[in-house]
**Student:** 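I am attaching a structure below and will ask some questions about it afterwards.
The structure presented is a predicted model; accordingly, all values stated were derived computationally and were not measured. In each ligand, atom 1 is the first atom listed, and ligand 1 is the first ligand listed.
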Amino acid sequence: MIKFPIYLDNHSTTKVDPRVLEAMLPYFTEYYGNASSKSHEFGWKAEAAVEFARKQCARLVNCEPRDIIFTSGATESVNLALKGAAEANAAKGNHIITSLIEHEAVLDTCKNLESRGFRVTYLPVDEFGMVSPETLEKAITPQTILVSIMWVNNEIGTIQPIGELSEVCREKKILFHTDATQAVGKLPIDLAAMHIDLMSFSSHKIYGPKGAGALYKKGKIPRVRITPQLDGGAQEKGLRAGTLNVPGIVGFGKACEIAMTDMAADQARIKELRERLYSGLIGGVENIKLNGHPEKRINGNLNISISNIDADSLMISIKDIAVSTGSACSSESVEPSHVLTAIGIDNKLKRSTIRFGVGKFNTAEEIDYTIEKVTEKVKYLFSIMPEAKRNMKGDHASV
Ligand SMILES: *Cc1c(COP(=O)(O)O)cnc(C)c1O
């Protein structure tokens, strides 16, 4: 039994896991203390819950719990990491390197830093959306103080060679930040075995609540310095002022714990569903172009361009399936996706691009319905556009 509408937009956000909600509820109703209240039981309970969540988050990415700073989400973590590191290291240089395909959280923060006198290089990517370690190395100058490259792209799902990229930075003693919002909980991450100085991630992309996130900041060898971006209290070792979102953090911790135990099984199932969706669609519709890397991609992502089909018209005709044309975060603007531009998709094909984000709550029935519906609607859109009819399998005779 399918429950409509079908949610296939799991890169934008995810449904809260029922186990996460259950863990959170007592922190609204019973243990509602302020984690900074040191003088009574309510405060102690809240503080203990936050410290337990810190351990759960740390375990998922294999780092020290004290290296986790809780924030309101990845956008805040990225702002704190980039502005904080740039300000703290401004005496050493003013050059920052990032890529053309970053999330707006990184790109807009870099724009802000540019307006404050920092120079930013935006590295190009290849046709699959990959940043090459050689290109990074060549872009480094004596003025470079910080590099920020996302681990997994939120539109096309490409997984960057983060190990190699961070290694280039370690050799040159340059801080390396990664926006791992789409990687955490989906790929095994072992920070203890890597040379990452700063890493941003978020709760609501991994079946936790919205409004909670984390910045990993390496505490030792070398200790990474950043300046706080909020004034108003000594919370999170003075790096993030403001009363902690205890229920959100508890939920985030639980989501991390679940991701840790269920990752292998969930990812295997998600991969199967994604492959089922892709083969089903290419079985019915010709001229589908897969965007992103054929292998080095996150399991839940399917980003395709269907020649001659206007993706917005297609999306409107399949209202009972929630998908996205391009990045949801930039969909409020009319600008075509900067990620598709960076991988060389022409403007016409960009408008024919649709992103499916498969998640752990999706079922094979939902995928089959989606294949059927999309194929049917594409056939319809082609039928009112006769010259392109040859794109349809089985319709050759009528062309
Ligand atoms: C969703 C997302 C963000 C923003 O995260 P929030 O927690 O919503 O602020 C940043 N980067 C990437 C890659 C994302 O997918």
Side-chain angles (χ1 to χ4, degrees), residues 7-16 20 57 60-61 68-83 98-112 122 125 129-131 148-160 162 165 177-187 189 196 198-216 229-230 240 242 245 248-249 251-253 255-256 259 292-293 297-303 322-324 326-332 337-340 342-343 355-359:
Y7 191 70
L8 280 173
D9 201 14
N10 285 281
H11 303 302
S12 294
T13 193
T14 56
K15 173 179 163 173
V16 169
V20 167
C57 291
L60 178 60
V61 296
I68 294 286
I69 302 162
F70 284 122
T71 67
S72 64
T75 300
E76 188 192 336
S77 299
V78 166
N79 271 265
L80 176 56
L82 300 188
K83 290 175 185 169
T98 186
S99 83
L100 281 172
I101 61 160
E102 299 295 312
H103 187 273
E104 285 75 8
V106 169
L107 293 177
D108 291 350
T109 300
C110 285
K111 293 258 151 57
N112 176 293
Y122 299 87
V125 294
M130 295 284 260
V131 175
S148 182
I149 307 288
M150 73 197 317
W151 202 312
V152 170
N153 183 269
N154 50 300
E155 288 189 41
I156 56 174
T158 301
I159 303 169
Q160 300 298 336
I162 290 297
L165 295 168
H177 167 260
T178 181
D179 173 0
T181 312
Q182 295 287 347
V184 168
K186 297 165 188 166
L187 301 174
I189 291 183
I196 291 170
L198 295 153
M199 183 177 88
S200 297
F201 56 112
S202 187
S203 157
H204 76 98
K205 303 289 176 83
I206 59 167
Y207 311 97
K210 292 160 189 66
L215 175 64
Y216 159 79
Q229 298 298 310
L230 291 176
R240 202 280 186 174
N245 170 8
I249 289 167
F252 185 18
C256 288
H293 199 283
R297 63 186 303 124
I298 202 79
N299 291 319
N301 179 277
L302 181 65
N303 186 306
V323 292
S324 168
S327 162
C329 300
S330 57
S331 63
E332 276 179 33
S337 153
H338 64 284
V339 176
L340 298 177
I343 61 170
R355 178 187 72 179
F356 299 91
V358 180

**Student:** Using a 3.5 Å cut-off on N or O atoms only, is Asp179 in polar contact with ligand 1?
**Tutor:** yes
**Student:** Looking at Ser202, which atoms of ligand 1 are within less than 4.0 Å of one of its heavy atoms?
**Tutor:** 6 (P), 7 (O)
**Student:** Is Asn154 in polar range of ligand 1, meaning some N or O pair under 3.5 Å apart?
**Tutor:** no
**Student:** Is a side-chain N or O of Ser77 found less than 3.5 angstrom from the main chain of Ala214, in a donor-acceptor match?
**Tutor:** yes
**Student:** Using a strict cut-off of 4.0 Å, indicate which atoms of ligand 1 neighbour a heavy atom of Lys205.
**Tutor:** 1 (C), 2 (C), 3 (C), 14 (C), 15 (O)
**Student:** Under a 4.0 angstrom heavy-atom cut-off, which atoms of ligand 1 come close to Met150?
**Tutor:** 13 (C)
**Student:** I'd like the name of whichever of Glu76, Glu102, His103 reaches closest to atom 3 (C) of ligand 1 through any heavy atom.
**Tutor:** His103
**Student:** If you count the atoms of ligand 1 from 1 in the order shown, which ones are under 4.0 Å from a heavy atom of Gly73?
**Tutor:** 7 (O)
**Student:** Nearest 0.5 Å, please: how far is CD in Gln160 from CD1 in Ile149?
**Tutor:** 7.0 Å
**Student:** Before giving the answer on side chain to side chain donor-acceptor pair (under 3.5 Å), spell out for Glu155 and Ser337 the whole-Å C-alpha distance, their side-chain angles and the decisive distance to 0.1 Å.
**Tutor:** CA-CA 9 Å; Glu155 288 189 41; Ser337 153; 2.7 Å; yes
**Student:** Knowing that exactly one of Asn79, Thr71, Val78 qualifies, which makes a side chain to side chain contact (heavy atoms under 4.5 Å, CB included) with Thr75?
**Tutor:** Asn79
**Student:** Can you find an N or O of Ala74 that's nearer than 3.5 Å to an N or O of ligand 1?
**Tutor:** yes
**Student:** Could you verify whether a donor N or O on one side chain and an acceptor N or O on the other, from Ser202 and Thr181, lie under 3.5 Å apart?
**Tutor:** no
**Student:** Please report whether ligand 1 has a polar contact with His11, defined as an N or O pair separated by less than 3.5 Å (distance criterion only).
**Tutor:** no
**Student:** Would you say the side chain of Glu104 lies within less than 4.5 Å of the side chain of His338, judging by non-hydrogen atoms?
**Tutor:** yes
**Student:** For ligand 1, note which part of His204 has a heavy atom under 4.0 Å away: side chain, backbone, both or neither.
**Tutor:** side chain
**Student:** Is any side-chain heavy atom of Arg297 less than 4.5 Å from a side-chain heavy atom of Ile156?
**Tutor:** no
**Student:** Looking only at distances, can you tell me whether any N or O atom of Gln182, backbone or side chain, sits closer than 3.5 Å to an N or O atom of ligand 1?
**Tutor:** yes
**Student:** Quick one: are Asn153 and Gln182 in side-chain contact, heavy atoms under 4.5 Å?
**Tutor:** no
